[in-house]
**Q** 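Next up is a structure, given as structure tokens.
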Amino acid sequence: MQIACRDVPPETLYDVLHDTCYRKKWDSNMIETYDIGRLTVNADVGYYSWRCPSPLKNRDFVTLRSWLPLGNDYMIINYSVKHPKYPPRKDFVRAVSLQTGYLIKAAGSRGSVLYYLTQVDPRGSLPKWVVNKVSQYVAPKAMKKIYKAGLKYPEWKRKHNPGFKPWVYPEQNTLPSISLAELSLQHADSLENIDESSLAEDRVRISDEEA
């Protein structure tokens, strides 16, 4: 999946995807997100919870994320891990990111193209119509949200700690260090599987923000 982002340079999209404070402004499906700790100057572990359309159960993730500037282009990838201090919660279904990635490529003098690829196990037997809805509507709309967020980010950032970008300046990173020995790959088959396959489409409420 891809979207052309006119008038949004690649470094701005890169900042948008990293800035957890700003994400609260544009990601209406997010319940909570925060950084847990850092592995290296370009890798960390974080938590993200996602509001699913009612009455589906909300999902959450613990992921290891890494990023790499490639000249004028940028790459961000993540996959799910287990952290002993952040086990599955009773109020969420712990989903699994097998691999999710963003590639931001420069386009023209001040534009960019955002590429997005994800393989996620939601840990549930979901109805086919839910899968279709996500692939046809939710994911493309999320891409448009990121583009619009990129247009507004420079003005927002000027008013909110403009010099603070630990993903660019690693010396600003004050997260506690995490050892790889503390983590393990999150295998989907070790998590609870929720059967939501019987939910009828007319019982599920998907808002304009979600669909």
Side-chain angles (χ1 to χ4, degrees), residues 3 5 7-51 60-87 89 97 99-107 109-118 142-143 145-186:
I3 185 171
C5 301
D7 301 319
V8 181
E11 62 270 20
T12 299
L13 277 183
Y14 184 62
D15 290 346
V16 167
L17 291 170
H18 272 287
D19 198 326
T20 55
C21 292
Y22 186 59
R23 186 159 195 149
K24 299 168 187 175
K25 296 291 183 182
W26 62 266
D27 187 352
S28 58
N29 294 320
M30 183 189 75
I31 299 172
E32 184 180 20
T33 188
Y34 52 83
D35 299 323
I36 294 172
R38 59 186 169 90
L39 286 162
T40 66
V41 294
N42 67 327
D44 62 16
V45 175
Y47 175 86
Y48 177 85
S49 54
W50 182 58
R51 183 179 296 104
D60 69 352
F61 301 83
V62 173
T63 60
L64 189 159
R65 176 182 61 171
S66 59
W67 55 92
L68 183 65
L70 302 164
N72 293 325
D73 305 330
Y74 300 88
M75 182 181 296
I76 303 173
I77 61 172
N78 76 59
Y79 59 88
S80 286
V81 293
K82 288 194 290 186
H83 189 294
K85 294 182 180 178
Y86 298 88
R89 294 166 49 174
S97 169
Q99 181 132 312
T100 297
Y102 297 92
L103 175 63
I104 307 165
K105 294 187 70 67
S109 59
R110 294 296 295 168
S112 55
V113 178
L114 174 64
Y115 298 86
Y116 175 64
L117 176 68
T118 186
M143 297 285 278
K145 284 184 183 179
I146 295 172
Y147 174 30
K148 291 179 181 178
L151 291 169
K152 298 176 181 179
Y153 182 74
E155 181 180 356
W156 180 90
K157 189 61 175 174
R158 278 195 293 270
K159 301 174 183 177
H160 298 83
N161 209 352
F164 184 71
K165 296 183 179 181
W167 53 92
V168 177
Y169 310 112
E171 64 275 11
Q172 296 177 343
N173 196 324
T174 59
L175 290 172
S177 294
I178 295 177
S179 167
L180 267 177
E182 298 177 58
L183 307 173
S184 58
L185 192 63
Q186 178 66 77

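In this chain, numbering begins with 1 at the start of the sequence shown.
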**Q** Can you measure from CD (Glu11) to CG (Asp73) and round to the nearest 0.5 angstrom?
**A**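 Rounded to the nearest 0.5 Å, the CD-CG separation comes out at 11.0 Å.
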**Q** Would you call Tyr14 and Ile76 a side-chain contact if the rule is heavy atoms closer than 4.5 Å?
**A** yes
**Q** Are His18 and Arg65 close enough that some pair of their side-chain heavy atoms sits under 4.5 Å apart?
**A**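 Yes, side chains in contact.
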**Q** How close do Trp67 and Asn42 get, counting heavy atoms only, and between which atoms?
**A**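 Closest pair (atom of Trp67, atom of Asn42, distance): O-ND2, 2.9 Å.
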**Q** Go through the steps for His83 and Ile178 under the test side-chain contact (heavy atoms from CB on, under 4.5 Å), then give the verdict.
**A** CA-CA 10 Å; His83 189 294; Ile178 295 177; 4.1 Å; yes
**Q** Closest approach of Thr12 and Gly150, non-hydrogen atoms and distance?
**A**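 Minimum heavy-atom separation between Thr12 and Gly150: CG2-O, 3.5 Å.
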**Q** If you define the side chain from C-beta out and look only at heavy atoms, does anything of Thr100 sit under 4.5 Å from Thr63?
**A**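 The answer is no, as the side chains (C-beta and beyond) never meet within the 4.5 Å cut-off.
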**Q** Please determine, by modelled atom types, if Trp167 and Asp15 share a side-chain donor-acceptor pair under 3.5 angstrom.
**A** yes
**Q** Under a 4.0 Å N-O cut-off, is there an ion pair linking Asp7 with Arg110?
**A**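 Looking at Arg110 together with Asp7, the answer is no, because their closest N to O distance does not fall below 4.0 Å.
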**Q** Can a donor-acceptor pair be found, under 3.5 Å and without considering hydrogens, that links the side chain of Gln186 to the backbone of Phe61?
**A**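 Answer holds: no.
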**Q** Does Glu32 reach the main-chain N or O of Ser49 with its side chain, forming a donor-acceptor pair under 3.5 Å?
**A**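 Looks like no, no N/O pair under 3.5 Å.
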**Q** Applying side-chain contact (heavy atoms from CB on, under 4.5 Å) to Tyr116 and Ile146, what does each step give before you reach the verdict?
**A** CA-CA 11 Å; Tyr116 175 64; Ile146 295 172; over 6 Å; no
**Q** Side chains of Leu117 and Leu103: does their closest heavy-atom pair fall under 4.5 Å?
**A**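 No; the side chains remain at least 4.5 Å from each other.
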**Q** So, using side chain to side chain donor-acceptor pair (under 3.5 Å) as the criterion, who are the partners of Arg89 when residues are at least two apart?
**A**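 With sequence neighbours excluded, Arg89 shows a side chain to side chain donor-acceptor pair (under 3.5 Å) to Tyr47, Asp91, given in chain and number order.
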**Q** Hey, could you give me each pair passing salt bridge (charged side-chain N to carboxylate O under 4.0 Å, His left out) that has a residue in residues 150-160? Not counting sequence neighbours.
**A**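 Qualifying pairs, neighbours excluded: Asp19-Lys157, Glu155-Lys159.
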**Q** Flag the pair Leu183 / Leu39 as yes when at least one side-chain heavy-atom distance between them is below 4.5 Å, and no otherwise.
**A**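 Sidechains of Leu39 and Leu183: in contact.
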**Q** Kindly check if the number of other-residue, nucleotide or ligand heavy atoms within 6.0 Å of CZ (Phe164) is above 12?
**A** yes
**Q** Met143 and Leu114: which non-hydrogen atoms are nearest, and at how many Å?
**A**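 Scanning both residues completely, I find the closest heavy atoms to be CE-O, 3.5 Å.
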**Q** If I compare all heavy atoms of Ser80 with all of Leu185, which pair ends up nearest, and what's the gap?
**A** O-CD1, 3.7 Å
**Q** Quick one, Met75 and Ile77 - any side-chain contact, counting heavy atoms below 4.5 Å?
**A** yes
**Q** Just say parallel, tilted or perpendicular for the rings of His160 and Trp156, cut-offs at 30° and 60°.
**A**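 Answer is parallel, since the angle falls under 30°.
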**Q** Quick one: pull up CG in Leu64 and CG in Leu180 and give me the separation to the nearest 0.5 Å.
**A**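 Going from the CG atom of Leu64 to the CG atom of Leu180 covers 7.0 Å.
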**Q** How far does OG of Ser66 sit from OH of Tyr79, to the nearest 0.5 angstrom?
**A**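 Output value for this atom pair is 7.0 Å.
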**Q** Ignoring hydrogens, what is the shortest heavy-atom contact between Trp26 and Lys145? Give both atom names and the distance.
**A**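 Trp26 and Lys145 have their closest heavy atoms at O-CD, 3.8 Å.
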**Q** Without hydrogens or angle criteria, can the side chains of Tyr48 and Asn78 be said to hold a donor-acceptor pair below 3.5 Å?
**A**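 No - no donor-acceptor pair under 3.5 Å links their side chains.
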**Q** Answer yes or no: does atom NZ of Lys105 have more than 12 heavy-atom neighbours from other residues, nucleotides or ligands under 6.0 Å?
**A**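 Count not over threshold, so no.
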**Q** Please determine if Arg38 and Asp44 form a salt bridge, counting it only when a charged side-chain N lies under 4.0 Å from a carboxylate O.
**A** no
**Q** Using side-chain contact (heavy atoms from CB on, under 4.5 Å), reason through Leu175 and Val45 one step at a time and then give a plain yes or no.
**A** CA-CA 10 Å; Leu175 290 172; Val45 175; over 6 Å; no
**Q** Taking all heavy atoms of Ala149 and all of Tyr22, pick out the closest pair and write down the distance.
**A** O-OH, 2.8 Å
**Q** Got a sec: does the CG of Asn72 have more than 12 other heavy atoms crowding it under 6.0 Å?
**A** no
